[in-house]
Amino acid sequence: MMKSFWFFAQFLHVFLVFSTLIASVAVQAFTGAYGINYGRIADNIPSPDKVATLLRAAKIKNVRIYDADHSVLKAFSGTGLDLVVGLPNGYLKDMSANEDHAMDWVKENVQAFLPETRIRGIAVGNEVLGGTDYELWGALLGAVKNIYNAIKELGLTDVVQITTAHSQAVFANSFPPSSCIFRDNVKQQYMKPLLEFFSEIGSPFCLNAYPFLAYMSDPENIDINYALFQKTQGISDPKTDLHYDNMLDAQIDAAYAALEDTGFKKMEVIITETGWASRGDDSEAAATVNNARTYNYNLRKRLAKKKGTPLRPKSVVKAYIFAIFNENLKPGPTSERNFGLYKPDGTIAYDIGFHGLVSSSADSLRLSSKDIGARGWSRSQYLILPISMAAAFLLFLR
């Protein structure tokens, strides 16, 4: 009997350690390496519940939205999809000035939907620093801190990660990658204090990076194959002697260089937006279906390898693709309305290995939650191994 008790104690210790590891995996803001942005500036896209079905069928688990729309949060409940919600720029000044308002926002838009809706992050603002509204620059850090303090007070810091996404406009230069630094008017007063806080709470540096836009800005001097992950001579960085065969890796390492220059060498870089437009104005010749297919197909292959960049080979590149749908109400050039992997009716815009709500061969992919659960998306999957271990131990006692 004592021997059995000793074995049970040993088993219980292993079980508890394993369960802790499982829990820590479950609360990560980003699972794997591939995610997608769910923009909704459109009046002709599928309902949120159909979008959840579409994403589960495609096995895209990481999703970002740009607000905290309750219809989306309800539709994603019980789906197992990991969601990052957004605090829009228009809220930043209020959230920075008023802790109570920040607490109310978190309670109403995050806590109220947990744990059924797997909200794993809050993106506080989008592309604020480097933008044209200088008042928002000054409000960003205060909003970040007040939202984080609300999360902390509610005991959610091990569930919800706080971030903000930056555009390339925060950099003074990015070529070669090792020369990249933050702009002088951004760095000391705004970026450094923000990075100091993110370093304290363990948040990554989030970057919206578009080889499409970089190529469009200088097509005479940039090889489009380099931007599209195609075979090319690439570029070499004379300072680091590192070689780059695609532009996205170079953009990521440029961000790492800027972080190191500012004293944050260990901070992770995550790509929160990247994509390629499938249609554009006459002045946007690179915005074609073929180029969009090539970029997104090759990007998906690159992310699937789960490898790092030349400068950070051990840090797996993680990226959210922009976007699920073409958004017909977005302002700006035609390209802005044509970044989607899917058309408004839920069919694929071009083939990179995903399927639509209804495929071109007419075989329905309108799957029920039960159907998808049977295909490996059940939340109980995390319990299979611990339960198996317990069963094995009980058999041993017998």
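In this chain, numbering begins with 1 at the start of the sequence shown. Every value quoted in this text rests on a predicted model; they were computed, and no experiment measured them.
Note on ring orientation: taking the six-membered ring where Trp is involved, the planes of Phe322 and Phe339 are perpendicular (angle over 60°, cut-offs 30° and 60°).
Here the side chain of Asp261 pairs no donor or acceptor atom with the backbone of Ile181 at under 3.5 angstrom. Checked by atom type and distance alone, the side chain of Asn62 pairs as donor or acceptor with a backbone atom of Thr31 at under 3.5 Å. Side-chain atoms of Thr164 come within 3.5 Å of backbone atoms of Val124 as a donor-acceptor pair (strictly under, hydrogens ignored). When atom types are taken as modelled, the side chain of Ser278 and the backbone of Ala292 share no donor-acceptor pair closer than 3.5 angstrom. Distance alone, capped at 3.5 Å, is enough to place a donor-acceptor pair between the His243 side chain and the Ile235 backbone. No donor-acceptor pair closer than 3.5 Å links the side chain of Thr117 to the backbone N or O of Ile119. With Asn246 contributing its side chain and Asp249 its backbone, the two residues share a donor-acceptor pair below 3.5 Å. Judged by distance alone, with hydrogens and angles left aside, the side-chain atoms of Arg118 form no donor-acceptor pair with the main-chain N or O of Leu83 at under 3.5 Å. Between the side chain of Asn146 and the backbone N or O of Met95 there is at least one donor-acceptor pair closer than 3.5 Å. The backbone N or O of Thr294 sits less than 3.5 Å from a side-chain atom of Asn298, completing a donor-acceptor pair.
Each of Val316 and Leu242 belongs to its own hydrophobic cluster when Ile, Leu, Val, Met, Phe, Trp and Tyr are linked at side-chain heavy-atom distances under 4.5 angstrom. The hydrophobic clustering, which links ILVMFWY residues whose side-chain heavy atoms are closer than 4.5 Å, places Tyr215 and Leu248 together. A continuous path of Ile, Leu, Val, Met, Phe, Trp and Tyr side chains, each step under 4.5 Å between heavy atoms, connects Leu195 with Tyr148, placing both in one hydrophobic cluster. With hydrophobic clusters built from ILVMFWY side chains whose heavy atoms lie under 4.5 angstrom apart, Ile60 shares a cluster with Ile65.
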(request) Test salt bridge (Lys or Arg N to Asp or Glu O under 4.0 Å) on Arg337 and Glu327 and set out the steps. (result) CA-CA 5 Å; Arg337 295 178 287 282; Glu327 298 174 77; over 6 Å; no
(message) Does Glu268 form a salt bridge (Lys or Arg N to Asp or Glu O under 4.0 Å) with Arg312? I'd like the steps, not just the answer.
(response) CA-CA 10 Å; Glu268 180 185 19; Arg312 295 285 189 272; over 6 Å; no
(message) Quick one, Asp245 with Lys231, criterion salt bridge (Lys or Arg N to Asp or Glu O under 4.0 Å). Give me CA distance, side-chain angles, the key distance, then yes/no.
(response) CA-CA 8 Å; Asp245 59 12; Lys231 188 175 181 181; over 6 Å; no
(request) Give the intermediate values and the outcome of ring-ring contact (aromatic ring centres under 6.0 Å, His included) for residues Phe30 and Tyr320. (result) CA-CA 10 Å; Phe30 200 121; Tyr320 290 90; 4.7 Å; yes
(message) Apply side-chain hydrogen bond (donor to acceptor under 3.5 Å, both in side chains) to residues Tyr350 and Asn296 and explain how you reach the verdict.
(response) CA-CA 10 Å; Tyr350 43 82; Asn296 282 298; 2.9 Å; yes
(message) Could you go through Asp49 and Lys74, starting from their C-alpha distance and side-chain angles, then the distance that decides it, and tell me whether this counts as salt bridge (Lys or Arg N to Asp or Glu O under 4.0 Å)?
(response) CA-CA 8 Å; Asp49 60 313; Lys74 290 174 183 176; over 6 Å; no
(request) For ring-ring contact (aromatic ring centres under 6.0 Å, His included), just list the numbers for His70 and Phe113, CA-CA rounded to whole Å, side-chain angles, deciding distance to a tenth of an Å, and then say yes or no. (result) CA-CA 9 Å; His70 288 194; Phe113 293 91; 4.8 Å; yes
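Remark: Arg300 is positioned above the aromatic ring of Phe354, its terminal NZ or CZ atom under 6.0 angstrom from the ring centre and at most 45 degrees off the axis. Cation-pi geometry between Arg293 and Tyr295 is not satisfied (NZ or CZ under 6.0 Å from the ring centre, within 45° of the ring normal).
Applying side chain to side chain contact (heavy atoms under 4.5 Å, CB included) to Trp137 and the options Leu92, Leu194, Asn185 leaves one that passes, Asn185.
Asn326 meets the side-chain hydrogen bond (donor to acceptor under 3.5 Å, both in side chains) test with no other residue; sequence neighbours excluded.
As a member of the Ile/Leu/Val/Met/Phe/Trp/Tyr network built from side-chain separations under 4.5 Å, Ile41 groups with Leu329.
Annotation: side chain of Phe229 is not in contact with side chain of Tyr297 (no heavy-atom distance under 4.5 Å). Between Thr347 and Tyr342, every side-chain heavy-atom pair lies at or beyond the 4.5 Å cut-off. With contacts defined as side-chain heavy-atom distances shorter than 4.5 Å, the pair Arg302/Lys307 qualifies. Asn89 is listed as a side-chain neighbour of Val128, based on a closest heavy-atom distance under 4.5 Å.
If you look at Phe264 and Phe205, their ring centroids are not closer than 6.0 Å. Not less than 6.0 angstrom separates the ring centroid of Tyr66 from the ring centroid of Tyr38.
A donor-acceptor pair shorter than 3.5 Å can be found between the side chains of Ser335 and Glu284. A donor and an acceptor atom, one from each side chain of Asn208 and Ser167, are nowhere located under 3.5 Å apart. Judged by distance alone, the side chains of Asn149 and Glu99 never bring a donor and an acceptor atom under 3.5 Å apart. Under 3.5 Å, the side chains of Ser71 and Asp69 contain a donor-acceptor pair of N or O atoms.
Once rounded to the nearest 0.5 Å, the distance linking CG of Asn291 with CD of Gln230 reads 9.0 Å. If you take CG on Asp253 and OG on Ser178, they are separated by 9.5 Å, rounding to the nearest 0.5 Å. Considering CG of Leu114 and CZ of Arg120, their distance stands at 7.0 Å, rounded to 0.5 Å.
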